[in-house]
Amino acid sequence: MKRAVTYFILSATCTIGALADGLRFSHGPYLQNVTTDEATIFFTTNERTFSWVEIESEEWNTPRQYFNTEAGLVQAYRYDNAVHIKNLKPGKNYRYRLVSKEIKDFQPYKITYGDSIASEWYSFNTLTPKMQDCSFVIVNDIHDNAEKLRTLLELSSYEKADAIFYLGDMISHFDNPETPYNGFIDVSTELFAKNKPFIAVRGNHETRGNLARTYHNYIGRKQGEFYGIYYYGNTAIIVLDTGEDKPDTHPVYGGINRFDEYRKQQAEWLEKEIGSKRFRKTKNRIVLMHIPPVHTSRTATPEDHAVGHLAELFTPIFNKAKVDLVLSGHTHRHYFVEKRDGSNKFPVVINDHRSVAELSVNKEGIKIKITAADGNTIFDKQF
Ligand SMILES: [Fe+2]
């Protein structure tokens with residue numbers, strides 16, 4: 001009954017959905033960084049707005065409003081929004097909707113608002129801390145082909161998965177603000193991302209183009225970095241940003257890349273992280289990194305620089321951390337490296353650019369199944 005009253009009051013000032021040729025939501029909503037107690041909701045509008053998210057829980061009497069606030073200012077007079085929702089309870093369902101007010105004119109001492117709109121209600125679940133089983137769908141090297149992404153997702157059990165991981169090179173280069181939406185975000189929103197998150201692991205192609213330095217406005221990150229650990233009960237998923245493939249000094253980068261430094265920063269971070277109580281309590285340890293930490297060909301090219309650097313930096317840390325499995329992309333060819341005593345004590349699976357990998361973790365261990373776009377299973381193994 002309370003919901004009906006709230007709806008009536010808001011509908012007196014807001015139009016649900018879009019106004020004809022007026023203010024509308026142009027991308028999203030899509031969920032990022034969903035954990036046991038938080039979530040971030042991304043969306044855009046076609047005009048500059050003041051926007052927020054309303055959240056409903058069965059435990060609350062009225063919906064709560066959340067704003068994207070930074071140092072005392074609500075982020076406004078912009079098209080893109082990322083609203084962080086904090087202090088949620090584990091294992092609960094939350095309903096949410098978007099609300100936007102157009103800012104017609106923004107003067108130093110007078111803000112003039114135009115139309116207001118509200119979206120329909122969507123929902124998501126926070127994670128349960130003690131979850132024993134989890135499953136993920138992994139796709140990589142899509143290179144702007146949203147229809148291929150759709151085909152691969154539809155071949156998988158993405159509807160049942162806890163999250164979808166995009167393992168890099170979802171786009172080819174970034175010099176148009178619409179590229180991430182057209183390449184993979186819009187189709188994700190359409191299929192699942194209003195209700196469950198995708199986690200975009202950055203590949204080398206996402207670092208290319210004159211807008212690459214704005215990529216963080218499109219996807220959620222852990223503590224402001226493109227790497228981090230995602231915990232699902234007793235499973236840890238380590239996400240690394242492997243950077244560009246060629247040396248930073250290669251002429252195509254024009255002297256403005258520092259990926260050797262970024263990879264070292266991640267090695268130092270991971271070394272500390274694996275000593276944490278949280279990590280030591282995990283049973284299953286999986287690494288997702290776009291460029292593999294193992295050579296897959298005998299011919300040395302400038303593109304092998306990152307592989308060599310990653311192998312040197314991370315092999316000892318992964319061995320020490322007792323990593324169960326490393327999953328990569330980048331080469332566009334399926335490849336499997338068995339674990340070896342004396343070097344990589346962890347297996348490496350490379351998913352190609354036209355297959356979908358399904359990872360499931362339960363008390364029997366970690367299982368990975370890879371299905372090609374034609375529906376054939378090309379890899380199926382229990383670790
Ligand atoms: Fe790549």
Side-chain angles (χ1 to χ4, degrees), residues 1-18 24-25 27-45 49-69 74-75 81-101 116-137 157-164 185 188-199 219-220 222 230-235 237 278 360-362:
M1 192 58 205
K2 268 177 184 140
R3 185 181 299 160
V5 173
T6 314
Y7 172 83
F8 176 77
I9 294 165
L10 277 165
S11 63
T13 51
C14 297
T15 302
I16 304 291
R24 62 186 163 80
F25 298 109
H27 297 289
Y30 54 99
L31 289 158
Q32 299 280 279
N33 294 339
V34 177
T35 67
T36 51
D37 59 356
E38 59 189 344
T40 308
I41 297 166
F42 281 65
F43 60 100
T44 68
T45 49
T49 61
F50 163 38
S51 295
W52 64 93
V53 172
E54 289 178 357
I55 307 277
E56 268 193 349
S57 157
E58 59 184 26
E59 295 180 349
W60 304 339
N61 291 331
T62 53
R64 295 183 183 173
Q65 293 181 324
Y66 290 82
F67 302 93
N68 178 11
T69 307
V74 174
Q75 298 302 296
N81 301 279
V83 179
H84 188 52
I85 319 294
K86 305 186 275 198
N87 302 323
L88 299 175
K89 287 200 174 158
K92 294 278 179 204
N93 179 261
Y94 292 91
R95 281 161 46 85
Y96 72 97
R97 72 170 183 172
L98 322 173
V99 185
S100 289
K101 278 168 76 169
S116 294
I117 52 171
S119 73
E120 57 184 282
W121 289 91
Y122 309 104
S123 74
F124 68 92
N125 294 320
T126 48
L127 297 177
T128 310
K130 294 212 163 105
M131 62 200 280
Q132 296 290 315
D133 302 350
C134 48
S135 67
F136 310 98
V137 167
S157 49
Y158 73 94
E159 283 164 315
K160 289 189 205 144
D162 293 292
I164 283 69
I185 295 176
S188 305
T189 301
E190 187 195 325
L191 294 179
F192 67 85
K194 291 184 181 99
N195 313 106
K196 74 171 82 177
F198 64 80
I199 293 139
I219 62 156
K222 288 261 170 191
Y230 296 79
Y231 289 104
Y232 296 87
N234 59 7
T235 298
I237 309 258
R278 181 79 180 88
S360 45
V361 185
N362 55 33

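Residue numbers count from 1 along this sequence. Please read these numbers as outputs of a predicted model, since none were measured by experiment. Just so you know, these numbers use all the heavy atoms, side chains as well, and skip hydrogens, waters and symmetry mates.
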With side chains defined as the heavy atoms from C-beta onward, is the minimum distance between V53 and F43 less than 4.5 Å?
-> yes

Is there side-chain contact between I55 and I85, with heavy atoms separated by less than 4.5 Å?
-> yes

Carboxylate-amine/guanidinium proximity below 4.0 Å for R97 and E54 | yes

N362 side chain reached by Q132 side chain, heavy atoms, under 4.5 Å | no

Nearest heavy atoms of T40 and H84, plus distance in Å | OG1-ND1, 3.0 Å

Any F124 side-chain heavy atom under 4.5 Å of P197 side chain = no

Donor-acceptor contact below 3.5 Å, side chain S119 vs main chain L98 | yes

Relative to each other, are the rings of F67 and W52 parallel, tilted or perpendicular (30° and 60° limits)?
-> tilted

Taking only residues two or more places apart in sequence or in another chain, which ones pass side-chain hydrogen bond (donor to acceptor under 3.5 Å, both in side chains) with T45?
-> T49

E38 side chain to K86 backbone, donor-acceptor under 3.5 Å | no

Heavy atoms only: give me the nearest P29-Y96 pair and the separation to one decimal.
-> CG-OH, 3.7 Å

Is the backbone of S135 close enough, under 3.5 Å, to the side chain of D162 for a donor and an acceptor to pair up by distance?
-> yes

Do the side chains of T44 and F25 get nearer than 4.5 Å, heavy atoms only?
-> no

Kindly say whether N81 contributes a backbone atom to a donor-acceptor pair with the side chain of N68 at under 3.5 angstrom?
-> no

Looking at CZ of R64 and CG of N87, how far apart are the two atoms once the value is rounded to the nearest 0.5 Å?
-> 9.0 Å

I would like to know whether E56 and Y94 meet side chain to side chain contact (heavy atoms under 4.5 Å, CB included); could you show each step before the answer?
-> CA-CA 6 Å; E56 268 193 349; Y94 292 91; over 6 Å; no

Partners of K92 by salt bridge (Lys or Arg N to Asp or Glu O under 4.0 Å), sequence neighbours excluded?
-> E59

Point-to-point distance, once rounded to the nearest 0.5 Å, from CE of M131 to CG of N234 = 9.0 Å

K194 vs L31, side chain to side chain contact (heavy atoms under 4.5 Å, CB included): CA-CA, chis, key distance, verdict = CA-CA 6 Å; K194 291 184 181 99; L31 289 158; 6.0 Å; no

Minimum-distance pair of heavy atoms, taken over all atoms of I199 and A163 | CD1-CB, 4.0 Å

Evaluate the side-chain proximity of D37 to T126: yes if any heavy-atom separation is below 4.5 Å, no if none is.
-> no

Does the side chain of P90 come within less than 4.5 Å of L127's, by heavy atoms?
-> no

Could you tell me whether K222 atom NZ has more than 12 heavy atoms of other residues or ligands within 6.0 Å of it?
-> yes

K196 side chain vs A161 backbone, donor-acceptor pair below 3.5 Å | yes

How far apart are the closest heavy atoms of V34 and A39, and which atoms are they?
-> CG2-CB, 3.9 Å

For the residue pair F136 and Y232, is the inter-centroid distance of their aromatic rings smaller than 6.0 Å?
-> yes

Approximate separation, where rounding is to 0.5 Å, of L88 CG and T35 OG1 = 8.0 Å

Side chains of E120 and Y122: closer than 4.5 Å at any heavy-atom pair?
-> yes

Report yes if the distance between the aromatic ring centroids of Y30 and F198 is under 6.0 Å, otherwise no.
-> yes

